[in-house]
Amino acid sequence: MIAGVLVALLLGGVGTSFAIAWRPAIATIDPPQPQSFAPGLVKRGRVLAALGNCNDCHTVRGGRNFAGGLPVPTPFGTVYSSNITPDVETGIGRWSEAAFQRAMKLGVDREGRHLYPTFPYDHFTNVRDEDDRALYAYLMTRGPVHAPARDNELAFPLNQRIVVAGWKFLFLHPGTYRADPTKSAEWNRGAYLVEGLAHCGACHTPRNALGAERLNAIFAGGDVDHWQAYAINAQSPSPVPWDADALYAYLRDGFHPDHGTARGPMAGVVRNLSVVPADDVRAIASYMADVFGAPSAERRERGEAALAQAKSPAAAAADSAGGAIYAAACAPCHESSQAPPYGGINLVLSSAISSSDPRNLANIVLAGVRPVEGELSPIMPGFAASMNDAEVAALLVYLRSRFSKQPAWSDLDNIVAEARRTQTASLDTRTDARNASSDTAQRAKP
Amino acid sequence: MMTLKVNGRDHQIDAEPDTPLLYVLRDDLKLNAAKYGCGLGQCGSCTVIVDGKAVLSCVTPMVLLEGKQVTTLEGLGTASAPAPIQRAFMEEQAAQCGYCIAGMMMRAQALLQRNPKPIDEQIRAELAPHLCRCGTHMRILRAVHRAARLMDTAELSAVDKRSAP
Amino acid sequence: MNVPIILDRRRLLAGGGAFVVSFSLTGAFAQDQGAPAASPPAKPPGSLEKSPYLDSWIRIEAEGGTTVFTGKAELGQGFKTAFQQIAAEELDVPFASLKVVTADTKLTANEGYTSGSHSMQDSGTAIQYAAAQARALLVAEAAKRLELPAENLRTENAAVMAPDGRRLTYGELVATDFLHVRAEPSAKLKDPSTFTVMGQPIPRVDIPAKVTGGIAYVQDLRLPDMVHARVVRPPSYGAQLIELDAAPIEKLPGVVKLVRDGNFLAVVAKKEFQAVKAMRALSAAAKWKETAQLPKQDDLSAAIMALPSEDFAIFERNDPSAIGQTSIEATYTRPYQSHGSIGPSCAFAQFADGVMTVWSHTQGVYPDRQAIAEMLGLPPTSVRLIHVEGSGCYGHNGADDAAADAALIARALPGAPVRVQWMREQEHGWEPFGPAMVTKLKASIGADGKIADWNFAVWSNTHSMRPGGAGCLLAAQHMENRFAVPPAKPLPLPEGGGDRNAIPIYTFPNAHVMHHFLPDMPVRISAMRALGAYHNVFSIESFMDELADLAGTDPVEFRLKHLDDRRGRDVIEKAAERFGWRAGQQAPADRGYGFAFARYKNLAAYCAIASEAEVNRETGRARLVRAVAAVDSGQVVNPDALINQIEGAIVQSSSWTLYERVSFDDRRITSIDWQTYPILRFDAVPENIEVHIVNRPGKPFLGSGETGQGPAAASLANAIANATGKRLRDLPLTRRRIKDAIDA
Ligand code: FES
Ligand code: FES
């Protein structure tokens, strides 16, 4: 069905709007000398690259920085990230600044080919020229790495890049982002980052059948790498409502005592946000707090109740299979006196348990939280090897009923089995960067 | 009272369901190999094999062990009749204080059972949950490679024997 | 030539202030200390000086068994095997037939602490000379009985052989007290060229049990009717217990006893996990009053420098004719660092018939006996300390404290064998850490491109608060009638503590070395592998690279230009050659090469290390990729065990150097597990480490267990500087610090 729509798009795109579909190549240049960029510009570019989380997609674990090759799974197939080092043959070494800027704004590479929207130019189109310039300066001063692009794994007709033109016709809206003069400078800075470079919606907004963000459900929660990217608006599953301070702390430190620890694909984002200027993170937090909106009285009460309950946990009732597992395997840490992130969040506060989607909880129970080499980082043992699917499902049922006020999850058996498949595959077969598998579960980010 | 199968034998265990397997192995069954290192799932010294998979026994409560098979280092071989993994660690002299080693060996054993010819990166990735403070890592890696070779030849010779007339 | 002098601190402390020339680092002395056989020392060597009777070391039974005794403790270095090799070699008894008994106050000599890489020097040497002399005595006895000249006899396989085929076994030759004779300083050692056991990579005797689940550690001991204890420590230094409702805990399943003595709290249960649960409940029930008394972590070096100090000029050399032209200076810092044993401390104690027996992985059975006896108010003879191996300790970790805990609890439960196991957070929170240090260096280069003037100053606590008396034991500090922590003392030179390796081994025409000893210890500290040498060598060898850069000379060549010590030059050349070091070579992108050298304590083993590091310029993550070491530890006894030690030192030191820092707020230690005190994991294990031994047959054993720590740190730091063009001087060289330096 989707393919059919796309074929229609393709034909429509080509037929009605050749002008959009066709883009000229931009002439190659001799790679600029790193010294030709002002150091201040490069520095700004470094910060922007961190805000844009560029390394997360363009670097594979154990691979060279920005050399690409990361498989990005989509419902339509696998797209590999590209080499954005200044290598002249396989990277962007011969791209002029204009070519780079066009890619950011219009999703077209130097030769004029349409880029797949896994590269989130629907957001990057909002990035200001001077920021593109700084990003360009930064990338062009990185070490060049010879790393040829990998062929995407997309079926016809999606492997025809012209299809993308049709997609853009519908979903790319350059030049529409505007500052809101009625809001504070901080709010506007945050909005500019969130809607543009930081591309938060790319994960947190659900996508339609054509893979575009649904404008009527902005920030209502999305999917990424077998994880749920939570709703980050009024529909947030977080038991305690978010506010700007909590968001700031979470984005900056990677955890907040009332919300827990960033993990899954969000872990890389907060790692990047820990090195950018605090003001930028504050701005993002301030804008997003507005997106979340002030909590309703009912919501606030629920939050306070959760906090109160977390402070005086009732003794775990080991009256069910799941309860017994919780009491024995989870409570020793999650009810310990050590504070998060090193002591385990009290599960009353867990978004994973309150969310309508149990995948994150299943993932975390199975895979745990792995230590980051050489850094202070929370560690949770994964239980994939010691719990079978039935035990995990029983535990999930118990956690849901004890720690949330939400209705029971359904289809847990399949969800747990799927989580096991995706979360533990990497343990068995993780290999080096050169032959990174296209199975998303085996993606190894830096 | 529950039945726990360890190294092929059934044991009647009288322990609360929240008792971590580690304490049952050491305290009730008087087995030495699984070691207490952190009790928090952070270091790997307590690793044993449960139903073929490497498991941190310090965070595996008894409630999860009904009907499962536990193997400890003691169940693999003895000093006089060592299993290939044990022989490999002896031959590489892969220990300093040795406190971490039993856990390392159990995870390596589970890996080799699943994947008899792991590449170096896979061994390193597999051993990531394990800490060694003495810095014996280079030898541990060598010993796992050696164990893979030993198991290979052990299997071959077993096959030879079977196929002999 | 100008005369360098070392100022002996003991005299200074005594108030004399006299300058004493104790030794020179240059010239003949440092070249080497002479082959023992050729020029025997005047007093019995090694620990024979203090325990001179041969039967303290070797016993031969009439039935034929031979046992070797050492007062040292096996800590995973493998010296038990080495001692067995030495005795087998010098005695001519089969290796496998020997038994080695280690530290036990009832059985072995008092060899103080197993520390400072002294085991081979002290105990190994004693065993070697004792065995050689014992063999000579056996031959003499046989000569008498066979009526043959001793020169005609030879020994083999625990027997004396006559040319005519007659044979007397050692068992036949010994009578009671046969070996109760004083050691002669002049015992004649075997010619190293005839060695068949020494110098061989004999598999370590302790490994089979360790890889098959045998009883290998104190943690594995099981005594009949034993009980399990757990202590509940205060939440912070100096915290006072103000409230405790113990009654519900006493009723918990399996609980046998609750022990409270002032701020000392412990619970004893029948089964181990019952003890753990009771401990958790006890810990939740106890209310403490805490005081903020820890220094500011974010400006640690300022806090260190602000402590009152006692200042000692420990080395002076002046040559006004050498004039510096350009000079640089730098400050290097080291945080508190943790031993981080993988197995938290554990001990057994049993109080029966007025005698307290303690099984412990302490490094000093005799000093610990003294301290525990003092704590319990018992005569030392009523306390027996038996060493049983624990997890690797790398210095003074919680072992002695756990032993004291066990003894205090056992006293409350007469007859019962009590097993105390520390929890992970107790080991991390309460072990005595390796002290924070600050060094300031300043040097100038003369017209000849050599260092003309060298200034080195180090600020440090002492590096040993080992018991020392009961006041060094946590349990004794927490008791109602508490023992005060004894005042800290600097460890005397030439070995030193905070100033260990502070005196440069290089020959500089002008050199001034200051030790600013800091008696106040805001954080509990004690001996950690290499003591001050880790940071001092890191500082000196980093600064040597900075100076080489200033002089425009290759770092290896620059070191050789300043080093007269031939054995030192040999290891430097060996490491450089095996690494493939070439002056001016360029490492591949994002990689760097580094070199460093030291002789541990300036009197133990020599070690040079060349390293290749990789730095990720975007993340700042640094990794040791490859290291090549050369080591000279005199006569090699077991080359593989030596290589194992050096490999381990390099990996461990790279973990210290890249990652490790004890953290705390104003009251509590906050690095209490492996999340909050990360150490190296397999992700960062180097691709390859090579260790090359420069063997010195017939030369005295030189301790090597700690010799790698400093050079490994500096060569890694130098490689990172080479890769990034940035010099980092504050340990640890974290990802964040490297990234900030690159981005600056
Ligand atoms: S003791 Fe189980 S992981 Fe450390
Ligand atoms: S050998 Fe000592 S901890 Fe690994």
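The chains referred to below are lettered A, B, ... by the order of the sequence lines, with proteins before strands, and numbering in each begins at 1.
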Test side chain to side chain contact (heavy atoms under 4.5 Å, CB included) on B/Lys35 and C/Asp220 and set out the steps. CA-CA 9 Å; B/Lys35 294 279 185 278; C/Asp220 302 336; 3.5 Å; yes
Spacing of [atom1] belonging to [X] relative to [atom2] belonging to [Y], to within rounding of 0.5 Å:
X        : Y        : atom1 : atom2 : result
B/Met138 : C/Ile643 : CE    : CD1   : 13.0 Å
C/Ile672 : B/Cys38  : CD1   : SG    : 12.0 Å
C/Arg222 : B/Lys30  : CZ    : NZ    : 6.0 Å

Closest non-hydrogen atom pair between [X] and [Y], with its separation:
X        : Y        : result
B/Met90  : C/Thr212 : CE-CG2, 4.1 Å
C/Asp683 : B/Ala128 : OD1-CB, 4.2 Å
B/Ala33  : C/Gly213 : CB-CA, 3.9 Å
C/Met423 : B/Tyr36  : CA-OH, 3.2 Å
C/Val276 : B/Tyr23  : CG2-OH, 3.6 Å
C/Arg424 : B/Leu40  : CG-CD1, 4.1 Å

Chain B contact via [X] - which portion, at a heavy-atom distance below 4.5 Å:
X        : value
C/Glu389 : side chain
C/Ile207 : side chain
C/Ser338 : backbone
C/Pro686 : both
C/Glu74  : neither
C/Trp656 : side chain
C/Ile650 : neither

Please examine the side chains of [Y] and [X], heavy atoms only from C-beta on, and report whether any two atoms are closer than 4.5 Å.
X        : Y        : result
B/Leu127 : C/Arg681 : no
B/His137 : C/Val651 : yes
B/Asn32  : C/Lys210 : no
B/Arg133 : C/Ser655 : yes

- Task: Before giving the answer on side chain to side chain donor-acceptor pair (under 3.5 Å), spell out for B/Gln93 and C/Asn644 the whole-Å C-alpha distance, their side-chain angles and the decisive distance to 0.1 Å.
- Result: CA-CA 8 Å; B/Gln93 292 285 287; C/Asn644 201 352; over 6 Å; no
Between [options], which residue shows the highest count of heavy-atom pairs closer than 4.5 Å to chain B?
options                                : value
C/Ala641, C/Gly392, C/Cys393, C/Ser391 : C/Ser391
C/His428, C/Glu427, C/Gln421           : C/Gln421
C/Asp640, C/Asn688, C/Ile689           : C/Asp640

Requested in this report: Would you please indicate if the ring centroids of C/Phe682 and B/His130 are separated by under 6.0 Å?
Outcome: no
Please rank B/Arg26, B/Gln86, B/Gln96 by heavy-atom pairs under 4.5 Å with chain C and give me the top one.
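Among B/Arg26, B/Gln86, B/Gln96, the one with the most close pairs to chain C is B/Gln96.
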With chain C, the option among B/Ala79, B/Pro20, B/Ala15, B/Gly37 that has the most non-hydrogen atom pairs under 4.5 Å is B/Gly37
Proximal component of [X], with respect to chain C [non-hydrogen, under 4.5 Å]:
X        : result
B/Asp28  : side chain
B/Leu131 : both
B/Arg142 : side chain
B/Glu16  : side chain
B/Ile140 : side chain
B/Leu141 : side chain
B/Thr19  : both

ask   = Charged N to carboxylate O under 4.0 angstrom, B/Arg139 versus C/Glu647?
value =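 So B/Arg139 pairs with C/Glu647 through a salt bridge.
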* Asked: Under 3.5 Å, side chain of C/Tyr217 to main-chain N/O of B/Cys97, donor-acceptor pair present?
  ->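 Such a contact is found between C/Tyr217 side chain and B/Cys97 backbone.
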Quick one: does C/Gln652's side chain have a donor or acceptor within less than 3.5 Å of a partner on B/Gly135's backbone?
no
Only residue of C/Arg419, C/His228, C/Lys270 satisfying side-chain hydrogen bond (donor to acceptor under 3.5 Å, both in side chains) with B/Asp27 is C/His228
### Task
Could you tell me whether B/Arg87 atom CZ has more than 12 heavy atoms of other residues or ligands within 6.0 Å of it?
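It does not: B/Arg87 CZ has 12 such atoms or fewer within range.
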Checklist entry - So does C/Asp225 have more than 12 non-hydrogen atoms from other groups sitting under 6.0 Å from CG? => result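 Not buried by this count: 12 neighbours or fewer within 6.0 Å.
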Check: Yes or no on side chain to side chain contact (heavy atoms under 4.5 Å, CB included) for C/Tyr394 and B/Cys134, after CA distance, side-chain angles and deciding distance?
Finding: CA-CA 8 Å; C/Tyr394 332 103; B/Cys134 295; 2.9 Å; yes
